[in-house]
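What follows is one structure encoded as structure tokens, with my remarks underneath.
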2 protein chains.
Amino acid sequence: MKVTLRDLAERLGLSISTVSRALADDPRISRETKRQVTETAKQLRYRPSVLARGLKTRRTMTIGLIVIDVTYPVYASIARGVEDEAHIAKYNVIICNSDSTPGKEYQYIENLLERGVDGVLLTPVGGPTVQWDILEREAIPFVLIEGDDDDSPSSSVRVDHARGGHLATDYLVGLGHQDIGLLCGPTSFPWNRQLYDGYRQALDKAGIPFRSSLVIQADLDLTSSYYAASELLSSAGPPTAIFAGSDVTAYGTYRALSERNLSVPGDISVIGYGDIPIARVLSPPLTTISYDSYQIGKTSARRLFKILEDPEGCGTAHLVIQPELVVRKSAAPPRKGSKGQRGKGQDGPEK
Amino acid sequence: MKVTLRDLAERLGLSISTVSRALADDPRISRETKRQVTETAKQLRYRPSVLARGLKTRRTMTIGLIVIDVTYPVYASIARGVEDEAHIAKYNVIICNSDSTPGKEYQYIENLLERGVDGVLLTPVGGPTVQWDILEREAIPFVLIEGDDDDSPSSSVRVDHARGGHLATDYLVGLGHQDIGLLCGPTSFPWNRQLYDGYRQALDKAGIPFRSSLVIQADLDLTSSYYAASELLSSAGPPTAIFAGSDVTAYGTYRALSERNLSVPGDISVIGYGDIPIARVLSPPLTTISYDSYQIGKTSARRLFKILEDPEGCGTAHLVIQPELVVRKSAAPPRKGSKGQRGKGQDGPEK
DNA sequence: CTGAAAGCGCTAACAA
DNA sequence: TTGTTAGCGCTTTCAG
């Protein structure tokens, strides 16, 4: 059977509390006793019960991490960052996949609460929700990862996606593009509005009029981004460059382009978003916006632990991580005189 | 403060045990009482304490999942599969990254034991280890994922990598290749020996003599696989096809090849292993061996839960998942007369 | 059908 | 410096 404090106590002829204190390195226990205790603890392979301790101290040294889907590289990296930090701080992390559905998110929150987690890290599915209220009511510290806005009641860490959108668009503008298409990602990923904002800002700054026909919504998968890109290309007044909103969307765009014998970046420039592993491997290698998702994980976990250490002492902070442009080969200046080009093939009238 | 059974009991003028039973849907509690209890439970937002319950029942409805690194697509999928299955069975999963180091693996096991997990899922770093002994001694059910061999004392699920290696090699042989290089992955990933075995078997079956100079070891990262591939190519009697042992190794190979102006599959055929997302996106799209890692996760979790339900009733099973060949564009019949080709460039003496 | 009481393994206030 | 005692919130005999 499992060995408990009691077993140690009996074995040593000490009281349970003395043993407990010795193990906790309480200053008022003698060196000698401590030595004996730790020794027989090791010998009998004593393992403290986190359960029992938690029941008493109300701390389980466990946190919950709710991501949208670990299967996406971003969330895997975040998860890894969190776990690494947790391991250092001696916490365990329970992982949950919300699939962007409020229902699952809610279930998991309830679940984590029953588990008595000390805090939770959450990539929220949307704006302020019941879930947040629950956490607040129960006074469980939580930090929002990649939340939609900064008016959350708790700490948060997110990437400055508006900046990212700006960066991408601005780069294209700098290259000389005027007609820049935006393939906006699914709204179930909270950052897409920010991206869009950045896009608009950059356009405004450059004095380029916004054309709504150049913006189109696409899901994250290949086929729907393929179709969205196709639609964009066959519209009247097609773009000379496409900002893809995500790297997989960019790949869908590549496909749509190659289908029409349009070359990247010769005929059309493409820029991605996220810098997932496939980006550098596409041909041409994808120019994209990169941000350190592992760091997001680390940062938010660190933040949470700080709150757990000192619930009062540290206010709520909204940390933001800056994305950066990674220039590879998929964007170039527009073809001369391509302004009115219809983009229906590579063999135009002038050759 | 937190609402407990006691609160409910007081509120209803019942005893704690009655309330407990009502909530557990004990048959000897009257309909009416149950109704009242569940109602006020909902009303007061009662949430049972898994901690307290676990202390009593010795079941925490929590399992540990130790993977090498969630950041690798394979493990992310496995994790997802496990978590999905756990969610259904109402378990929680604590995630751990061992980084293939016995030390971390050991730490996590101890850690999980202190947590009182009901079982653990483990992608082991090597053959039978102390860790397994610990789990056995403590009578914690565990199932091995992608373990090296089948003589494990517990259940296991793994991919038949020998088959995978065979499949890949055999395909190349079928195409007419005789000189097939093998870029064997790092030994910290347990399946590489199996891969190698499959390679040898396929060669034997085809009556092709094995040449050790055609086998070389490479780490998983780009640079080392790049160098390994280069070495292979500049050796005496270079291969006409390369079996890359992993998809990223295959990518490294692509690089080494393009550096020497060797085309895939025109000059050299390449076949990968694992079918991670980048595989279909490389150019040319990578022919590779695929296996369903999400399913591995599901299967192993399911197995574990079955054991937990009925510790005696179900013996140890060794489940194996079959990989399959995914033909894309990176392998083709060898160039005619390429048998003795040196592969130093594309402009050979004969044009 | 319901209640009283013991106890899971631990910590912490209070004594000695 | 060490021991005694009282729970943490729950399940589960054993009584009624």
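A note on names: the letters A, B, ... follow the listed sequences, proteins ahead of strands, and every chain is numbered from 1.
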Show your reasoning for whether side-chain contact (heavy atoms from CB on, under 4.5 Å) applies to A/R11 and A/R6. CA-CA 8 Å; A/R11 179 77 105 104; A/R6 202 189 146 114; over 6 Å; no
N/O donor-acceptor pair under 3.5 Å between [X] side chain and [Y] backbone:
X      : Y      : answer
A/S154 : A/F142 : yes
A/T33  : A/I29  : no
B/D118 : B/T60  : yes
B/D69  : B/T71  : yes
A/E146 : A/W191 : no

Give the C-alpha distance, both sets of side-chain angles, the deciding distance and a yes or no for side-chain contact (heavy atoms from CB on, under 4.5 Å) between B/Y291 and B/I296. CA-CA 9 Å; B/Y291 52 90; B/I296 298 177; 3.9 Å; yes
Length of the line joining [X]:[atom1] and [N]:[atom2], which is rounded to integer Å:
X     : N      : atom1 : atom2 : answer
A/R59 : D/dG9  : CZ    : C1'   : 20 Å
B/R6  : D/dC10 : CZ    : C1'   : 13 Å
B/D7  : D/dC8  : CG    : P     : 11 Å
A/L5  : D/dG3  : CG    : P     : 13 Å
A/R53 : C/dT11 : CZ    : P     : 5 Å
A/R47 : C/dC8  : CZ    : C1'   : 18 Å
B/R58 : D/dG9  : CZ    : P     : 19 Å
B/L51 : D/dG9  : CG    : C1'   : 9 Å

Which of the following nucleotides, [options], is nearest to the side chain of [X]?
X     : options                : value
B/A52 : C/dG3, D/dC10, D/dT2   : D/dC10
A/R21 : C/dA13, C/dG3, C/dC10  : C/dA13
A/L55 : C/dA12, D/dG9, C/dC8   : D/dG9
A/Y46 : C/dC10, D/dC10, D/dT12 : C/dC10

Taking [X] first and then [Y], would you say they form a salt bridge - that is, a charged N and a carboxylate O separated by under 4.0 Å?
X      : Y      : value
B/R47  : A/E138 : yes
A/K298 : A/E85  : yes
A/D84  : A/R302 : no

Once you measure the plane-to-plane angle for B/F305 and B/Y91, does it fall in the parallel (<30°), tilted (30-60°) or perpendicular (>60°) bin? parallel
Could you walk me through whether A/I307 and A/R303 pass the side-chain contact (heavy atoms from CB on, under 4.5 Å) test, one step at a time? CA-CA 6 Å; A/I307 300 174; A/R303 181 75 210 165; 4.3 Å; yes
On the nucleotide C/dG3, are OP1 or OP2 found under 4.0 Å from the side-chain N or O atoms that B/T18 carries? yes
Look at B/S15 and C/dA4 and indicate whether a side-chain polar atom (N or O) is within less than 4.0 Å of OP1 or OP2. no
What's touching nucleotides 5-7 of chain C from the protein side, N or O pairs under 3.5 Å?
from, atom 1, to, atom 2, distance (Å)
C/dG7, N2, B/K56, NZ, 3.0
C/dG7, N3, B/K56, NZ, 3.2

List in numerical order all residues of residues 107-117 of chain A for which some heavy atom is under 4.0 Å away from an atom belonging to DNA chain D. none
Nucleic acid contacts of residues 22-41 of chain B, taken as heavy-atom distances under 4.0 Å to DNA chain C: B/R28, B/I29, B/S30, B/T33
